[in-house]
Structure formats: structure tokens, C-alpha cells
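Have a look at the structure below before the remarks.
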Amino acid sequence: GRLAKTLSQKLNLVNIDTGATYRCVALKTLRNNVKIEEKDKIIDIARDINIDLLTDGTVLMDGEDVTKEIRSKEVTSIVSPISSIVEVREILVEVQRKIAEGKNVVMEGRDITTVVFPNAPYKFYLDASIECRAKRRYKENQEKGIEMSYDEVYESIKARDYNDMHKE
């Protein structure tokens with residue numbers, strides 16, 4: 001989010017938004033008309049995808065700038081179940097480690113300090129209410145021209161929290 005971006009800019013470090021990697025898999029899943037139940041196909045997509053996160057915040061998927069597209073309502077609606085697929089998480093953890101390799105980075109995400117880099121020298125845990133996060137995401141969406149009501153954003157965050165708390 002905004003804090004990781006600001007921190008990375010102030011310290012001149014690369015900001016790695018791990019959520020963007022899951023969103024790329026979700027976008028490619030949609031583009032390939034793969035259903036959320038087709039786990040093996042989604043795993044193949046994760047295995048074959050090429051993701052690069054640039055220092056200016058640009059997200060490249062297979063060489064294409066998808067920075068705005070990965071924040072769409074359609075992607076948001078399926079990213080949580082996709083991130084719950086254990087094999088997808090394992091593949092993307094390797095992708096995230098590769099992006100960070102040899103760099104000093106600010107990495108944000110829900111499993112960074114437990115899975116991706118459990119030995120990171122600095123770890124910060126941030127917690128905010130669903131209301132606070134929904135207001136912030138809704139405002140960000142409006143600024144980016146993404147059509148999503150506050151209620152949709154709120155429900156999406158609530159579902160994601162539930163999903164995260166109940167995955168293996």
C-alpha cells in the first residue's frame with residue numbers, strides 16, 4: 001500500500017507489492033477464460049507467467065503493462081480464491097524472491113515475514129479496521145478511475161480477510 005511505497009521512495013529501495021503478482025495470475029486466468037474451479041489450469045498459468053515489478057510501480061505481465069488492469073473489479077473478485085491455491089502460492093513465493101534477489105527491498109504482503117522472507121532483518125506488522133481499509137481502497141479506486149462501489153470494496157476486503165484466516 002501507500003506506506004510501503006512511501007517508505008521505499010524515502011529510503012530509495014525497490015517496493016515489491018506481492019499482491020500484484022497474484023493479481024497478474026488472476027488477470028491471466030480471466031483472459032484465458034479459465035474457471036476458478038480449474039485449479040490445474042490456474043497452476044499452469046502461475047508456472048508460465050512472467051511478472052516484473054518496475055521501480056516506478058509499473059507492473060508488467062508477459063511484457064505488457066497491466067498496472068491498472070490488475071486492479072479491476074473482475075480481478076479483485078477472483079484474486080483471493082486464486083491466492084488460496086497452495087501450489088500457486090508456492091510458485092509466486094519463488095517469483096517474489098527472484099524479483100527481490102540481490103536488492104534491498106520493501107516488500108508488502110500477507111505472508112512475507114512468515115513464508116517469503118522469514119529471516120528478514122526488519123518486520124513491520126500493520127493492522128487497520130475493514131472500514132479504514134475500505135475507505136482507503138475506495139478512494140484509491142476513484143483516483144484510478146476504477147468503478148467499484150464502497151460496499152463492493154468493503155465486502156471484497158471482508159471476504160479476503162475471512163479467506164486468509166481460513167486457508168491452510
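Side-chain atoms of Val105 and Leu13, non-hydrogen and from C-beta on, never get closer than 4.5 Å to each other. Between Cys24 and Ile49 there is a side-chain heavy-atom pair separated by less than 4.5 Å. Looking only at side-chain heavy atoms (C-beta outward), Thr58 and Leu60 come within less than 4.5 Å of each other. The shortest distance between side-chain heavy atoms of Glu74 and Ile78 does not fall below 4.5 Å. Using a 4.5 Å heavy-atom threshold, the side chains of Asp161 and Arg133 count as touching. Looking only at side-chain heavy atoms (C-beta outward), Ile42 and Val34 come within less than 4.5 Å of each other. In this structure, Asn104 and Val14 have side chains that are not in contact, with every pair of non-hydrogen atoms separated by 4.5 Å or more.
Taking both residues in full, the closest heavy atoms of Arg97 and Val115 are given as NH2-O, 2.8 Å, listed atom of the first, atom of the second, then distance. Heavy-atom minimum distance, Ile51 versus Ile99: O-CD1, 4.1 Å. Residue Pro118 comes nearest to Lys123 through the heavy atom pair O-NZ, 2.6 Å, listed as atom of the first residue, atom of the second, then distance. The shortest heavy-atom contact between Met148 and Tyr138 is O-CE1, 3.2 Å. Across all non-hydrogen atoms, the minimal contact from Ala20 to Leu53 is CB-CD2, 4.2 Å. In terms of heavy-atom proximity, Arg160 sits nearest to Ser80 at CA-OG, 3.8 Å.
A tilted orientation is assigned to the rings of Tyr154 and Tyr150, their planes being inclined by 30° to 60°.
Evaluated for a side chain to side chain contact (heavy atoms under 4.5 Å, CB included) with Ile91, the options Ile85, Val25, Val86, Ile43 yield exactly one hit, Ile43. Residue Val59 is tested with Leu54, Asp52, Asp65, Thr67 for a side chain to side chain contact (heavy atoms under 4.5 Å, CB included); the sole match is Thr67.
In summary, Lys28 and Glu64 do not engage in a salt bridge, as defined by a charged side-chain N under 4.0 Å from a carboxylate O. Look at Lys73 and Glu152 and you find a salt bridge, because one of the NZ, NE, NH1 or NH2 atoms lies within 4.0 Å of a carboxylate O, short of that distance. With respect to Arg137 and Glu140, a salt bridge is recorded, a charged nitrogen being found less than 4.0 Å from a carboxylate O.
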I would like to know whether Glu69 and Met61 meet side chain to side chain contact (heavy atoms under 4.5 Å, CB included); could you show each step before the answer?
CA-CA 11 Å; Glu69 219 178 331; Met61 179 184 82; over 6 Å; no
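Linking Ile, Leu, Val, Met, Phe, Trp and Tyr whenever their side-chain heavy atoms come within less than 4.5 Å puts Leu92 and Leu27 in one cluster. Linking Ile, Leu, Val, Met, Phe, Trp and Tyr whenever their side-chain heavy atoms come within less than 4.5 Å puts Val75 and Ile82 in one cluster. The same ILVMFWY cluster, assembled from side-chain heavy atoms under 4.5 Å apart, contains both Ile36 and Leu30. Put simply, Val95 and Ile70 are part of the same group of oily side chains (I, L, V, M, F, W, Y) that touch within less than 4.5 Å, one to the next. Tyr22 and Ile157 fall into different hydrophobic clusters, where Ile, Leu, Val, Met, Phe, Trp and Tyr side chains are chained together by heavy-atom contacts under 4.5 Å.
Here Lys158 contributes atom NZ and Glu131 contributes atom CD; the two are 9.5 Å apart, rounded to the nearest 0.5 Å. The NZ atom of Lys39 sits 12.5 Å away from the CG atom of Asp44 when rounded to the nearest 0.5 Å. Once rounded to the nearest 0.5 Å, the distance linking OG1 of Thr113 with CE of Met107 reads 12.0 Å.
Atom NZ of Lys5 is surrounded by 12 or fewer heavy atoms from other residues, nucleotides or ligands within 6.0 Å. Annotation: Arg71, atom CZ; neighbour count of heavy atoms from other residues, nucleotides and ligands within 6.0 Å is above 12. Heavy atoms of other residues, nucleotides or ligands lying less than 6.0 angstrom from NZ of Lys103 number more than 12. For CG of Asp40, the number of neighbouring non-hydrogen atoms (other residues, nucleotides, ligands) closer than 6.0 Å is 12 at most.
Between Arg23 and Thr76, the side chains place a donor N or O and an acceptor N or O closer than 3.5 Å (distance only, hydrogens not considered). Side-chain contact check for Ser149 and Asp151: no donor-acceptor pair (N or O, by modelled atom type) lies under 3.5 Å. Side-chain contact check for Glu108 and Thr18: no donor-acceptor pair (N or O, by modelled atom type) lies under 3.5 Å.
Residues passing the salt bridge (charged side-chain N to carboxylate O under 4.0 Å, His left out) test with Lys139 are Glu143, sequence neighbours excluded.
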